[in-house]
Amino acid sequence: MKIVYLSNFFNHHQKFLSDVLYEHLGEGNYYFVETSAIPETQKKLGYHSYDVPYLLQYNEQTKAKIDRIVMEADIVQFGEAPASMIKKRARAGKIILRDDERRYKALVKYLKWPVYTYNSLFLNKGYLLAASAFAPRDYLLSGMRPSRCFKWGYFPEVKRYEDIDRIFARKQTYRESKGIDVSLLWVARLIDWKHPESTIKVAKFLDRNNIRYELNIIGAGPLEDKMKKLIESNGLSGRVNLLGPIPPEKVRLYMEDSDVFMFTSDQNEGWGATLNESMNSACAVVVGDMIGAVPFLMKDGENGLMFKSKDWEDLAQKVKFLAQNPDVRVTLGTNAYKTMTENWSPNVAGNNLIALCEALLNEKDTPIAEGPCSKAKIMCSNWRKR
């Protein structure tokens, strides 16, 4: 079986899954085709190029070769790439797996749904790998059949620790070295819909409740100056640290030191791979309920806590609860770690994708009951109520 994945630029969110597919399928049977260079904004966040045998770059010199590979492949997985690359394949009736987040993140895009539908009718006759729990409903609006929607996502590296208790001991050692009750972490670009300002509200709330904490904020973006002013004007310097951009590998070290990970994005967050990484690092996660990854990865009160999107009081109350209940943090962190290692790792996703592709080629339904490539339910994206 030959699988080709078309996307924009290759990065650490795709590498580990691609490694699994290449290992299972063999040389010449798996290719990742990147259609653009890594943007400068992503380079500043630590993204870098990889030298792997299955990676092809789409340009004028390689166009003919890649067009042939796309036509000859048994399965083409189509992400952020020009639709023109697969129109010929679609006309030939060959299998295409559309890998996408939600389409209609805001009302203005919903009003344009007839345009989206017309421009991608050939995609809507294929299959959807939903990299957001809210994507199936959006695609249903433009012609995709519910039976052709499967759970998917992003699959960054999943680490397997020899002893999970050592991770919690590490977190405790970090707390003791700082003389605090709880270590908090927030990681994202500093942009409006990621809501970095919410962390300041949480910090002030913890101060009022006499909770000793440290909050590290990792990221860069247009709100950086605003965040610096908020930290200074609220007298939070020394407790709230704005660390700037840090390479992904080092971000994981901060996650391993942190007790609680806050994920505050609104409905514009298609997936949110930092949720995978923080859960894998045994953090007790507190996440907004409109983030695309949340309904797939999270069970509220079992492997993390959810708060109502943009309800910062709800967020602060849940962070306070975790700060005051270290045993709950350990339970949630342990279950989060198990979720990533047992159900949502790149290895599980790669094996499930191969099984799904084999089933589709034989005109059968997915054999996967839970996790990646299982059937995705139609969930309401309730931005119209907000």
Side-chain angles (χ1 to χ4, degrees), residues 1-92 94-101 119-120 122-123 126-129 131-132 152-158 189 220 245-249 251 270-271 273-274 276-277 346-347 349-350 353-354 356-357 372:
M1 179 167 57
K2 294 184 179 181
I3 298 177
V4 177
Y5 187 7
L6 308 177
S7 192
N8 47 11
F9 57 92
F10 187 69
N11 60 69
H12 63 287
H13 291 156
Q14 299 142 335
K15 178 183 182 298
F16 298 95
L17 172 66
S18 291
D19 286 347
V20 172
L21 292 171
Y22 181 75
E23 180 181 352
H24 282 273
L25 297 173
E27 184 178 356
N29 291 324
Y30 177 74
Y31 291 103
F32 186 106
V33 178
E34 62 175 3
T35 60
S36 62
I38 301 175
E40 288 301 318
T41 54
Q42 302 304 114
K43 288 182 179 179
K44 291 178 181 178
L45 295 174
Y47 285 52
H48 56 83
S49 301
Y50 290 91
D51 182 15
V52 289
Y54 49 78
L55 181 61
L56 300 176
Q57 295 178 331
Y58 191 74
N59 52 46
E60 286 301 318
Q61 289 71 40
T62 62
K63 181 179 184 300
K65 175 185 176 180
I66 291 174
D67 287 345
R68 175 177 55 79
I69 290 173
V70 168
M71 279 302 296
E72 292 176 353
D74 296 298
I75 303 285
V76 167
Q77 185 173 344
F78 176 73
E80 292 296 320
S84 59
M85 295 181 68
I86 57 169
K87 282 189 176 181
K88 184 177 179 181
R89 180 181 177 88
R91 286 195 293 268
K94 296 190 172 185
I95 294 177
I96 297 169
L97 303 180
R98 175 58 163 152
D99 176 352
D100 201 9
E101 301 173 357
N119 288 339
S120 59
F122 57 97
L123 282 176
Y127 300 87
L128 175 67
L129 293 180
S132 166
W152 195 239
Y154 289 78
F155 302 95
E157 180 184 14
V158 165
R189 287 174 290 155
I246 292 177
E249 299 82 3
V251 171
W271 177 260
T274 54
N276 301 57
E277 295 166 331
N347 192 56
L353 180 62
I354 291 171
L356 172 63
C357 291

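Remember, it's a predicted structure, so these values are computed and weren't measured experimentally.
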If every non-hydrogen atom of Leu6 is compared with every non-hydrogen atom of Val4, which pair is closest and at what distance?
-> CD2-CG1, 3.8 Å

CG of Asp67 to OG1 of Thr62, rounded to nearest 0.5 Å, is 8.5 Å

Minimum heavy-atom distance between Ala273 and Pro156, given as atom pair plus value = O-CG, 4.1 Å

Option passing side chain to side chain donor-acceptor pair (under 3.5 Å) with Ser18 (candidates Tyr30, Tyr54, Tyr5) = Tyr30

Taking all atoms of both residues into account, what is the closest heavy-atom pair of Asp74 and Met1, and its distance?
-> OD2-CA, 3.3 Å

Counting only N and O atoms by type, is there a donor-acceptor contact under 3.5 Å from the side chain of Thr35 to the main-chain atoms of Ala81?
-> no

Check Val20 against Gly350 and note the closest heavy-atom contact, atom names and distance.
-> CG1-CA, 4.0 Å

Worked verdict on Asn276 versus Val158 for side-chain contact (heavy atoms from CB on, under 4.5 Å) | CA-CA 8 Å; Asn276 301 57; Val158 165; over 6 Å; no

To the nearest 0.5 Å, how far apart are CG in Leu25 and CD1 in Ile3?
-> 5.0 Å

Enter the distance from Ile69:CD1 to Ile66:CD1 here, rounded to the nearest 0.5 Å.
-> 6.5 Å

Which salt bridge (charged side-chain N to carboxylate O under 4.0 Å, His left out) pairs, counting each pair once, include a residue from residues 16-33, with sequence neighbours left out?
-> Lys15-Asp19

Decide side-chain contact (heavy atoms from CB on, under 4.5 Å) for Leu353 and Ile75; before the verdict, give the C-alpha distance in whole Å, the side-chain angles of both, and the deciding distance to 0.1 Å.
-> CA-CA 11 Å; Leu353 180 62; Ile75 303 285; over 6 Å; no

Taking all non-hydrogen atoms of both residues, which atom of Trp271 and which atom of Ser132 are closest, and how far apart?
-> CE3-N, 4.1 Å

Ignoring hydrogens and geometry, is there a side-chain-to-backbone donor-acceptor pair from Lys94 to Met71 under 3.5 Å?
-> yes

Stepwise side-chain contact (heavy atoms from CB on, under 4.5 Å) test for Ile95 and Cys357 | CA-CA 9 Å; Ile95 294 177; Cys357 291; over 6 Å; no

Single hit among Tyr31, Phe32, Phe16 for ring pair (Phe, Tyr, Trp, His ring centres under 6.0 Å) with Phe10 = Phe32

Heavy atoms only: give me the nearest Leu17-Phe155 pair and the separation to one decimal.
-> CD2-CD1, 4.1 Å

Kindly compute the distance separating CD1 (Ile354) from CG (Leu21), expressed to the nearest 0.5 Å.
-> 5.5 Å

Mark yes or no for whether Arg89, through its side chain, and Val70, through its backbone, hold a donor-acceptor pair below 3.5 Å.
-> yes

Qualifying residue, where the test is side chain to side chain donor-acceptor pair (under 3.5 Å) with Tyr154 and the options are Glu101, His12, Gln14, His13 = Glu101

Calculate, to the nearest 0.5 Å, the distance between atoms CH2 and CD belonging to Trp152 and Gln77 respectively.
-> 5.5 Å

Side-chain (Arg98) to main-chain (Leu129) donor-acceptor, under 3.5 angstrom = no

Measure the spacing between CD of Glu157 and CD of Glu249 and express it to the nearest 0.5 Å.
-> 8.5 Å

Sorted by chain and number, sequence neighbours left out, side chain to side chain contact (heavy atoms under 4.5 Å, CB included) with Glu72 holds for Arg68

